[in-house]
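First the proteins, then the strands, lettered A, B, ... as listed; each starts at 1. Nothing here was measured: the structure is a model prediction, and the numbers come from that model.
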Amino acid sequence: MSVVTRFAPSPTGFLHIGGARTALFNWLFARHHGGRFLLRIEDTDRERSTEAAVAAILDGLRWLALDWDGEAIFQFARMDRHAAVAHALMAKGGAYRCYASPAELQEMRNKAKAEGRSMRYDGRWRDRDPSEAPSGVQPVIRFKAPRAGETVVRDGVQGEVRVANAELDDMVLLRADGTPTYMLSVVVDDHDMDVTHVIRGDDHFTNAFRQTQLYVAIGWTPPHFSHIPLIHGADGAKLSKRHGALGVDAYRDMGFLPAGMRNYLLRLGWSHGDAEVISTEEAIAWFDIDGIGRSPARFDMEKLASVNAHYLRALEDDRLADLLAPFVAARIGRAMTAEDRGLLLAALADLKPRARTLVELAEGALFLFVRRAPDAKAARLLAEADPAKTARMVEALRDAAGWDAHTLEVAVRACAEAVGEKLGALAQPLRAALTGSTASPPVFKVAEILGRAETLARLDAAIEGAGRRPEV
RNA sequence: GACCCCAUCGUCUAGAGGCCUAGGACUCCAGCCUUUCACGCUGGCAACACGGGUUCGAAUCCCGUUGGGGUCGCCA
């Protein structure tokens, strides 16, 4: 039987980082085995499921290029099938009606907690005669879980784990309004979709026991379970919205690349020897359940950025310019022109090694499109520069035989020697004048790209500015 | 509280009894390169949670302690 995996998010919010990793692992596992990767939207909670969340999740998956096979399945649409399975089970004596009220259940839990017992449903309607049913109360259907013995889950990550059946209570299969609960729906859908391997977050681990019992009661074979440890925030606490559990769209906006994101997520909890930068092809070839670690990992933005940098630099310039356009546009407040793009392309090779994200890259490229006001360090550099020597440099530049980086450098070097300064004494003020910063790509390259007119104009403006605003 | 899981540098991890005076990556520090900042290169700081066993030998196996985490919904 060929491998079938699935990613089954509930559309109650964006696709967060943990979900993205779960999807990645399922995708990789299916692709590795030449199987199918399915997508199922678990929208049985009508209160909280939203169209917007569905769209956000699909968007996130597409952005990460985790393509699923076939159409996405919406769980709610299969509600009748789920209910039918529950009723069939009840007909076999594997489930029963429970008339306990929510208040009653809450009281039961409070009491159990107070007495130090596990907060489980006590099965009070398990063996009661239907004739005792209170009138006017719509019952829920509960699973008649085995009480003796134990349930064993052979987990791909956690190994063989057994839990006494006495620890598991009779879960609700069908709500009072007749709609199926998650626990029932997953089992029925995974079975009907021929899912062979369930790879999901560790927070579902205890569910595996309940679901296994259900599979057995219905007479189906459970899939292979693998529960991957959760991702924690940088502070070790559970990853919550306050601790970086952002939607993947937030990472996209921070300038991360899908490939960088995937690579980082892959290494968070999975490893293949010392491999760090792993191509998609390699990931598919190498991915296996054995490589998944058993302990939770912390999310580290620095490492994400570092991994991302590899992919940023590997990207071809034309493609990179496309990706960069919206980031630059956002910074300069207008769309990039063809001329802007030309400048960007010319500078990209020197800009790339200075950035780890698209945001950093756009920031570094900004001076190409706008005359930036000098930052504090640059302003000081300009103010402190010897006006006479700066004037000599401007002259040297103006009189340069050509306008390429090499020629300009030769000219300024000669000038520096003539005025008895090191190159840096002239080059740094030049950099500050052209870029508004003390850090930039090679300054003569910058001058070359900016062109003669713009370079001289920026120099004039800077000299004027420095004269007006003396050292602070 | 009950049940379950986890535990190697600050972080991600390699390690499946001797190959480990514990390796790689990120971060940090130093040096080289250099017109700046980066990149790159070289080097450095830094870990087997603790206590018992088992064994000729334990980061690796067992038990306990401690510390983290997850689950206990008519949510998924």
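- Note on R356(A) versus E302(A): salt bridge recorded, some NZ/NE/NH1/NH2 to OD/OE distance being below 4.0 Å.
- Remark: the H227(A) side chain and the D155(A) side chain contain an N/O donor-acceptor pair separated by less than 3.5 Å.
- The residue A297(A) sits close only to the backbone: its heavy atoms come under 4.0 Å of sugar-phosphate atoms, none of a base.
- The side chain of P353(A) sits closest to C39(B) out of C39(B), G69(B), U27(B).
- Distance I17(A) CD1 to C12(B) C1': 14 Å, rounded to the nearest Å.
- A349(A) comes within 4.0 angstrom of nothing in the nucleic acid, heavy atoms only.
- Heavy atoms only, all atoms of each residue included: L174(A) and A86(A) are closest at CD2-CB, 3.6 Å.
- Pairing of C3(B), defined by two Watson-Crick or G-U wobble distances under 3.5 Å, is identified with G70(B).
- Proximity of S295(A) to the phosphate of G69(B): no side-chain N or O atom is located under 4.0 Å from OP1 or OP2.
- A salt bridge does not link R413(A) to E421(A): none of the charged side-chain nitrogens sits closer than 4.0 Å to a carboxylate oxygen.
- The side chain of R294(A) places no N or O atom within less than 4.0 Å of a non-bridging phosphate oxygen (OP1 or OP2) of C5(B).
- When the C1' atom is used for both U54(B) and C61(B), the distance is 8 Å, rounded to whole Å.
- Residue contacts for H204(A): at a heavy-atom cut-off of 4.0 Å it reaches a base atom on one of the strands shown.
- Sequence order on RNA chain B of the closest nucleotides to V163(A) and E276(A) puts V163(A) first from the 5' end.
- Among the protein residues, P229(A) comes within range of no part of the nucleic acid, since none of its heavy atoms lies under 4.0 Å from any strand.
- Counting to the nearest Å, the C1' atom of G73(B) and the CD atom of E104(A) are 16 Å from each other.
- Taking atom NZ of residue K303(A) and atom P of nucleotide G10(B), one finds them 15 Å apart after rounding to whole Å.
- Counting non-hydrogen atoms under 4.0 angstrom, V172(A) reaches the backbone sugars and phosphates but no base.
- Rounded to a whole Å, the CD atom of Q213(A) is 19 Å from the P atom of U71(B).
- A donor-acceptor contact under 3.5 Å links the side chain of R354(A) to the base of C37(B).
- Within the nucleic acid shown, Q158(A) comes within 4.0 Å of sugar-phosphate atoms alone, with no base atom in reach, counting heavy atoms only.
- When the C1' atom is used for both A76(B) and U71(B), the distance is 13 Å, rounded to whole Å.
- The pairing partner recorded for A49(B) is U65(B), the criterion being a Watson-Crick or G-U wobble arrangement whose two distances lie under 3.5 angstrom.
- Nucleotide A2(B) holds its P atom 19 Å from the CZ atom of F205(A), rounded to whole Å.
- Summarising the geometry, the separation between CZ on R154(A) and P on C5(B) is reported as 13 Å, rounded to the nearest angstrom.
- Residue-level contact check: R48(A) touches the bases, meaning some heavy atom is under 4.0 Å from a base atom.
- The side chain of D300(A) approaches U11(B) more closely than any other nucleotide in the set U11(B), A76(B), U71(B).
- In the model, R262(A) has a side-chain atom that pairs as donor or acceptor with a side-chain atom of T280(A) under 3.5 Å.
- Among the nucleotides C74(B), U35(B), A76(B), the one closest to the side chain of L105(A) is C74(B).
- Between C6(B) and U13(B), the two C1' atoms lie 15 Å apart (nearest whole Å).
- At the heavy-atom level, G364(A) lies nowhere under 4.0 Å from the strands shown.
- Base engagement by M183(A) is indicated by at least one non-hydrogen atom pair under 4.0 Å involving a base atom.
- Distances shown here put every side-chain N or O of R109(A) at or beyond 4.0 Å from the OP1 or OP2 atom of C72(B).
- Between C4(B) and T206(A), no contact under 4.0 Å exists linking OP1 or OP2 to a side-chain N or O.
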Evaluation steps, salt bridge (charged side-chain N to carboxylate O under 4.0 Å, His left out), between E107(A) and R109(A): CA-CA 5 Å; E107(A) 190 192 341; R109(A) 278 190 283 271; over 6 Å; no
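- Looking at heavy-atom distances under 4.0 Å, V140(A) makes contact with a base.
- A salt bridge links E454(A) and R458(A); the closest N-O separation between the charged side-chain nitrogens and carboxylate oxygens is under 4.0 Å.
- Within the nucleic acid shown, P441(A) comes within 4.0 Å of at least one base atom, counting heavy atoms only.
- On a pure distance criterion of 3.5 Å, a polar donor-acceptor pair joins the side chain of D274(A) and the base of G23(B).
- Between E421(A) atom CD and U35(B) atom P there is a gap of 15 Å when expressed in whole angstrom units.
- With hydrogens and angles ignored, a donor-acceptor pair under 3.5 angstrom links the side chain of N207(A) to the base of A76(B).
- Counting any heavy atom pair closer than 4.0 Å across all strands shown, T438(A) reaches a base atom.
- A donor atom on one side chain and an acceptor atom on the other are found under 3.5 Å apart for S440(A) and R431(A).
- At the heavy-atom level, T12(A) lies nowhere under 4.0 Å from the strands shown.
- Rounded to an integer number of Å, the gap from R267(A) CZ to A14(B) C1' is 9 Å.
- With a cut-off of 3.5 Å on both pairing distances, A58(B) has no Watson-Crick or G-U wobble partner at all.
- Comparing U34(B) with G18(B), their C1' atoms are spaced 48 Å from each other, to the whole Å.
- Note on S440(A): a base of the nucleic acid sits closer than 4.0 angstrom, heavy atoms only.
- Between the side chain of R431(A) and the base of U35(B), at least one donor-acceptor pair of N or O atoms lies under 3.5 Å.
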